[in-house]
S.K.: 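Handing you a structure now.
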Amino acid sequence: MKRYHSYLGRDIFVTGGSARELAPGSFGICAIGGGAEGWSVVHIGPDGDAADLGGEYYFGTPEEALDFVQQLIELMPAPNAAEDQA
């Protein structure tokens, strides 16, 4: 699996477990226990804070987590939509 994906203008990174280095506005797919315990999905807010999007739900593979993130992105307004409405 690639470590970087872009989907509908949003950045998605597959990481070894830490989202600390991700840029604000990006999504992270983070390995739990090196991937042996599953994969979590986070979104990095404007202040650099990571929000766990799966709560107590974790994914068995990074591909499943990526599919989940892509479905979330499809529900979000386009990155330039706020600028277009101003």
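Remember, it's a predicted structure, so these values are computed and weren't measured experimentally. One is the number of the first residue; the rest follow in order along the sequence.
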S.K.: Could you walk me through whether Asp52 and Val41 pass side-chain contact (heavy atoms from CB on, under 4.5 Å), step by step?
M.R.: CA-CA 6 Å; Asp52 185 351; Val41 174; 5.6 Å; no

S.K.: Atom CD of residue position Glu74 - does it have more than 12 heavy atoms of other residues, nucleotides or ligands inside 6.0 Å?
M.R.: yes

S.K.: Looking at CZ of Arg3 and OG1 of Thr15, how far apart are the two atoms once the value is rounded to the nearest 0.5 Å?
M.R.: 7.0 Å

S.K.: Are the side chains of Leu66 and Ile12 in contact, using a 4.5 Å heavy-atom criterion?
M.R.: yes

S.K.: To the nearest 0.5 Å, what is the distance between CD1 on Ile73 and CG on Leu8?
M.R.: 6.5 Å

S.K.: Should Leu22 and Tyr4 be counted in the same cluster of Ile, Leu, Val, Met, Phe, Trp and Tyr side chains packed under 4.5 Å apart?
M.R.: yes

S.K.: How many angstroms lie between atom CE of Met76 and atom NE2 of His43, to the nearest 0.5 angstrom?
M.R.: 5.0 Å

S.K.: Rounded to the nearest 0.5 Å, how far apart are CD of Gln70 and NE2 of His5?
M.R.: 8.0 Å

S.K.: Can you hop from Val14 to Tyr58 via hydrophobic side chains spaced under 4.5 Å?
M.R.: no

S.K.: Over all heavy atoms of both residues, which pair between Ala65 and Trp39 is shortest? Give the atoms and the distance, please.
M.R.: CB-CB, 4.3 Å

S.K.: With a 4.5 Å cut-off on side-chain heavy atoms, are Phe27 and Asp11 touching?
M.R.: no

S.K.: Which pair of heavy atoms, one from Val42 and one from Cys30, lies closest together, and at what distance?
M.R.: CG2-SG, 4.0 Å

S.K.: Can you name the closest pair of heavy atoms from Ile44 and Ala23 and give their distance?
M.R.: CB-O, 3.5 Å

S.K.: Give, for atom OG of Ser18 and atom CZ of Phe13, the distance between the pair rounded to the nearest 0.5 Å.
M.R.: 13.0 Å

